[in-house]
Amino acid sequence: MGDYTKLSKEDAQNIIDLYDLGKIDELSSLSLGISNSNYKVEIAQSTYLLKVSNDKGYDHLKEEQDILTLLSESGFKFSLRPFTTTKGENVYTYDEYFGVIFPFIEGIAPGPCDQTCLEIGKGLATLHRLDCDSEKVRSHQSVGFGPAEIIEYLDSPKCPDDFNEMVNYFFPDKLASFIELPLEKGIIHGDLYYDNTLFDENHLAVILDFEQAGVGEYLIDLGISISGTCLEKGRINTSLIKSYLEGYEEVRPLSIFEKENLDKAIVIGFLSIALWRIKRFKEGSLNPLMANSYQELLNKAKVYWDDRKNNE
């Protein structure tokens, strides 16, 4: 993961020139990201993050930046706002490349612990409580995988047998009862694992990677985030879930429907990101070495589901 593009300093300078930011003093690649190549660009006294898209189409990337711009204008303090080119565009195009430039934020990627979960819970709830006009925001279904998309995928000839078996193990009713729930919707992140955050002195500083953001059910977003954040030694830790929910409900209390279906949402969270990995790595060719990485998430989901059922 990281530098797929192998961007030269000359190409980077040509991209920077689209923003009229000055002459690059230093360019360094960052070993971060799955769908992008990322570079730290130092110019005079300023530092920028230059991203080249390697997986997303231009339209999806543009929609993502429009969401980030809306969040910034609505006062959401945990997201980055993209710079605009001299032509007022928030996605650049240069030669065969397109991407985004952000301010470079210093911070520490946290590990899973009570404080991490508490802070991320607060951050996600702040997003879910945000008052903004989402009428023109894309649907999460167009870039991510909710319950309906998971069930629909089972009929695909490309669906791996173990994915099909696990979905039916968890949800023999094909999630019909869950899909019918009257769940509250709004802008969701869609992939808020702890490694998509940066912390400053044990407090959440910024939430990264809104590539799966869109309008969707808050409970699904919560389940996805818990599935990738409340982990200890590779499995879900119920104590960490408690810390996460303490932070979340400090900002946005859960409804009765959300509390009753949280366990299902956490398992759906595992399945959602597992399907994302199948699409990118098993069906796609972004990183063939990760073709079976979805199985790790299926295993975590089963351990969690079985533990909860045995403790009922």
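Positions are given from 1, in the same order as the sequence printed here.
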Given the rule that I, L, V, M, F, W and Y join up when any side-chain heavy atoms are under 4.5 Å apart, are [X] and [Y] in one cluster?
X: F170; Y: I278; result: yes
X: Y244; Y: L198; result: yes
X: W276; Y: V143; result: no
X: F199; Y: L118; result: no
X: L245; Y: L231; result: yes

Between the side chain of [X] and the main-chain N/O of [Y], is any donor-acceptor distance below 3.5 Å?
X: N196; Y: L192; answer: no
X: Y58; Y: F98; answer: no
X: S272; Y: G146; answer: no
X: D209; Y: E211; answer: no
X: S74; Y: L71; answer: no
X: S72; Y: T69; answer: no
X: S142; Y: R138; answer: no
X: N168; Y: N164; answer: yes
X: S8; Y: D11; answer: yes
X: T197; Y: Y194; answer: yes

Evaluate the criterion side chain to side chain contact (heavy atoms under 4.5 Å, CB included) for residue pair Y92 and Y19; output intermediate values, then yes/no. CA-CA 9 Å; Y92 70 78; Y19 295 80; 3.4 Å; yes

Taking only distance into account, with no hydrogens and no angle test, what donor-acceptor pairs under 3.5 Å do side-chain atoms of residues 103-116 form with protein atoms, sequence neighbours excluded?
unit_1 : atom_1 : unit_2 : atom_2 : d
D114   : OD1    : S243   : OG     : 2.6
Q115   : NE2    : N202   : O      : 3.1
T116   : OG1    : G111   : O      : 2.7

Residue pair [X] / [Y], side-chain heavy-atom distance below 4.5 Å:
X: Y153; Y: P160; result: yes
X: K282; Y: N292; result: yes
X: I241; Y: I266; result: yes
X: E260; Y: L181; result: no
X: V206; Y: D200; result: no
X: F281; Y: P288; result: no
X: K302; Y: F270; result: no
X: L68; Y: F102; result: yes

Under a 4.0 Å N-O cut-off, is there an ion pair linking [X] with [Y]?
X: K309; Y: D263; result: no
X: K9; Y: E26; result: no
X: E246; Y: K242; result: no

With sequence neighbours excluded, residues passing salt bridge (charged side-chain N to carboxylate O under 4.0 Å, His left out) with [X]:
X: E232; answer: none
X: R252; answer: E184, E258
X: D25; answer: none

About how many Å separate [atom2] of [Y] and [atom1] of [X], when rounded to the nearest 0.5 Å?
X: Y169; Y: L298; atom1: OH; atom2: CG; value: 13.0 Å
X: L154; Y: E149; atom1: CG; atom2: CD; value: 12.0 Å
X: L49; Y: I101; atom1: CG; atom2: CD1; value: 9.0 Å
X: L27; Y: L50; atom1: CG; atom2: CG; value: 7.5 Å
X: E180; Y: D173; atom1: CD; atom2: CG; value: 9.0 Å
X: L183; Y: S255; atom1: CG; atom2: OG; value: 7.0 Å

For the residue pair [X] and [Y], what are the closest heavy atoms and their distance?
X: T84; Y: G88; answer: CB-C, 4.0 Å
X: C117; Y: C230; answer: SG-SG, 3.8 Å
X: R308; Y: T238; answer: NH1-CG2, 4.0 Å

Which is it for D17 and Q13 under the side chain to side chain donor-acceptor pair (under 3.5 Å) test, yes or no, and what are the steps along the way? CA-CA 6 Å; D17 287 344; Q13 183 64 64; 2.9 Å; yes

Is there a ring-ring contact (aromatic ring centres under 6.0 Å, His included) between Y48 and F83 once you walk through the steps? CA-CA 10 Å; Y48 305 94; F83 285 98; 5.4 Å; yes

Answer yes or no: does atom [atom1] of [X] have more than 12 heavy-atom neighbours from other residues, nucleotides or ligands under 6.0 Å?
X: K185; atom1: NZ; result: no
X: D161; atom1: CG; result: no
X: E152; atom1: CD; result: no
X: E201; atom1: CD; result: no

Which is it for H189 and I207 under the side chain to side chain contact (heavy atoms under 4.5 Å, CB included) test, yes or no, and what are the steps along the way? CA-CA 9 Å; H189 182 278; I207 295 174; 3.5 Å; yes

Mind checking ring-ring contact (aromatic ring centres under 6.0 Å, His included) for Y294 and listing every partner two or more places apart, or none if nothing turns up? none

Is the distance between the ring centroids of W305 and F171 less than 6.0 Å? yes

Would I220 and F178 satisfy side chain to side chain contact (heavy atoms under 4.5 Å, CB included), going step by step from the backbone distance to the final call? CA-CA 11 Å; I220 296 299; F178 188 95; 3.6 Å; yes

May I have the step-by-step check of side chain to side chain contact (heavy atoms under 4.5 Å, CB included) for I273 and Y193, ending in yes or no? CA-CA 10 Å; I273 304 302; Y193 282 24; 3.5 Å; yes

Side chains of residues 123-131: which donor-acceptor partners sit under 3.5 Å, not counting sequence neighbours?
unit_1 : atom_1 : unit_2 : atom_2 : d
T126   : OG1    : K122   : O      : 2.7
H128   : ND1    : Y248   : OH     : 2.6
H128   : NE2    : D221   : OD2    : 2.9
R129   : NH1    : V251   : O      : 2.7

Verdict with reasoning, H140 to Q212, per side chain to side chain donor-acceptor pair (under 3.5 Å): CA-CA 7 Å; H140 172 252; Q212 289 176 258; 4.8 Å; no

